[in-house]
Amino acid sequence: MTPISSQGPRSHGPKHKAPSPVSRRRVLLGGAAVAAAGGLGVAGMASAGGAGSATGTATAGTGGAPAVCSLLAQATEGPYALPGALVRSDIAEDKPGFPLRFLLTVVDQNTGCAPLADALVELWHCDHLGEYSGFVGGNGHEEADNGTFCRGAGMTDENGQVELTTIWPGHYRGRAVHVHLRVHTDVTLTEDSYTGGELVHTGQLFFDPQINAQVQAAAPYTENTTPETDLDEDSVYDGGGAASGLVTLFALGESVTDGYAATLTLGVDA
């Protein structure tokens, strides 16, 4: 498979956390071979999902630890974080939008970039109207708010990989389209969530602006008429590519409506 691409609004709910300072530390150990570990997983997601296959070819990893990696840039968790998360593979619930299937690989920079197994990877983002669950109304739209849509988490396997399915996010005032990310270690799973553990990474994921423009120009995303911020004008993304959270995208079909798979290797300090 050939990859297609390698300060927010005020909150108004009692669960609003103050944003943490943005840290731009990155350790470049060399090369760009990190992403190879996800190659076979993306092919499987494309074929198993029945939404078509990604285009081109990709070099698949050998299953061993990548030889090199970058420490992913830390970033503010933003104003829309909530404590805890449902542990589930599909976080979209019933929200409309185009499929977005994440295949993320977590590696530990302190152990020679070995895969980090049994880590909890948590994602959250706004829906097609730019609204966050738990804070609906922040982007000017009225809709039902159950506090859980477009939020969830999954555990990495022995290869450090986790798959999470959602919808492509919408946009809201003042920020480029993005997804929030946290990585936890040593958590204890409950029936549908988790307790305890250590937070080892907080970051954000970003998307190719040309592909995002096609998404935002199609229904149901056109229901959101609030201004959109371009990626190069975003206050968090610093132009660092994958090291700053820019995902690699693979088309899942012939049309933008078929959605995309998104891959990234997350180098963390565990």
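Distance check, rounded to the nearest 0.5 Å: SG of C150 to NE2 of H128 gives 10.0 Å. The CG atom of N212 sits 12.0 Å away from the NE2 atom of H178 when rounded to the nearest 0.5 Å. Within the model, atoms CD of Q204 and CG of L123 stand 12.0 Å from one another, a figure rounded to the nearest 0.5 Å. Atoms CD and CZ, from E228 and R175 in turn, are 12.0 Å apart once rounded to the nearest 0.5 Å. Taken to the nearest 0.5 Å, the OG1 atom of T111 stands 10.0 Å off from the CG atom of D269. The CD atom of E142 sits 11.0 Å away from the CG atom of L129 when rounded to the nearest 0.5 Å.
Side-chain contact between L266 and L181 is present, with at least one heavy-atom pair separated by less than 4.5 Å. Taking the side chain as every heavy atom from C-beta outward, V215 and V177 never approach each other to under 4.5 Å. Under the 4.5 Å side-chain criterion, counting only non-hydrogen atoms from C-beta, V179 is in contact with P169. Residues L246 and L231 meet the side-chain proximity criterion, which asks for heavy atoms closer than 4.5 Å. Considering only heavy atoms from C-beta on, E163 comes within 4.5 Å of L103 through its side chain. Between I167 and L100, every side-chain heavy-atom pair lies at or beyond the 4.5 Å cut-off. Between F102 and V121 there is no side-chain heavy-atom pair separated by less than 4.5 Å. For the pair Y221/P96, no side-chain contact is recorded, criterion being any heavy-atom separation below 4.5 Å from C-beta on.
Nearest heavy-atom pair, P115 versus G160, reported as atom, atom and distance to 0.1 Å: CB-N, 3.7 Å. Contact record, V183 with A119: CG1-CB, 4.2 Å, taken as the closest heavy-atom pair. Nearest heavy atoms, S193 versus A85: OG-O, 2.6 Å. Between A73 and S244, the shortest heavy-atom distance links the atoms CB-CA, 4.1 Å. What you find for Q74 and V200 is that their closest heavy atoms are NE2-O, 3.7 Å. The two residues G134 and D145 come nearest to each other via the heavy atoms N-OD1, 2.7 Å.
A search for side chain to side chain contact (heavy atoms under 4.5 Å, CB included) contacts involving Q214 returns V256, not counting sequence neighbours. Residues passing the side chain to side chain contact (heavy atoms under 4.5 Å, CB included) test with E158, sequence neighbours excluded: none. In terms of the ring pair (Phe, Tyr, Trp, His ring centres under 6.0 Å) criterion, F149 has no residue partners (sequence neighbours excluded). In terms of the side-chain hydrogen bond (donor to acceptor under 3.5 Å, both in side chains) criterion, residue partners of E122 (sequence neighbours excluded) are, by chain and number, R182, H184. Every side chain to side chain contact (heavy atoms under 4.5 Å, CB included) that T195 has, sequence neighbours left out, goes to T188, T190. Partners of H125 according to the side-chain hydrogen bond (donor to acceptor under 3.5 Å, both in side chains) rule, which considers only residues two or more places apart in sequence or in another chain, are T166. E143 pairs by the side-chain hydrogen bond (donor to acceptor under 3.5 Å, both in side chains) definition with K95, not counting sequence neighbours. With sequence neighbours excluded, the residues satisfying side chain to side chain contact (heavy atoms under 4.5 Å, CB included) with T226 are N139, H141, H171, R173, N224. W168 pairs by the ring pair (Phe, Tyr, Trp, His ring centres under 6.0 Å) definition with F207, Y260, not counting sequence neighbours.
With hydrogens and angles disregarded, no donor-acceptor distance shorter than 3.5 Å links the side chain of H180 to the backbone of W124. Remark: the backbone N or O of A270 is paired with a side-chain donor or acceptor of D108 at under 3.5 angstrom. Without hydrogens or angle criteria, E131 side chain to G140 main chain gives a donor-acceptor distance under 3.5 Å. Distance alone, capped at 3.5 Å, places no donor-acceptor pair between the T222 side chain and the A217 backbone. Put simply, the side chain of D208 gets close to the backbone of Q210: a donor and an acceptor are under 3.5 Å apart.
Under the salt bridge (Lys or Arg N to Asp or Glu O under 4.0 Å) criterion, no residue pair touches residues 212-224, with sequence neighbours excluded. Sorted by first and then second residue, the side chain to side chain donor-acceptor pair (under 3.5 Å) pairs with a member in residues 83-92 read R88-E93; sequence neighbours excluded.
Under a 4.5 Å side-chain heavy-atom cut-off, the cluster of Ile, Leu, Val, Met, Phe, Trp and Tyr residues that includes V87 is completed by L120, M155, V187, L189, Y194.
Using cut-offs of 30° and 60° on the angle between ring planes, the pair Y172 and Y132 is perpendicular.
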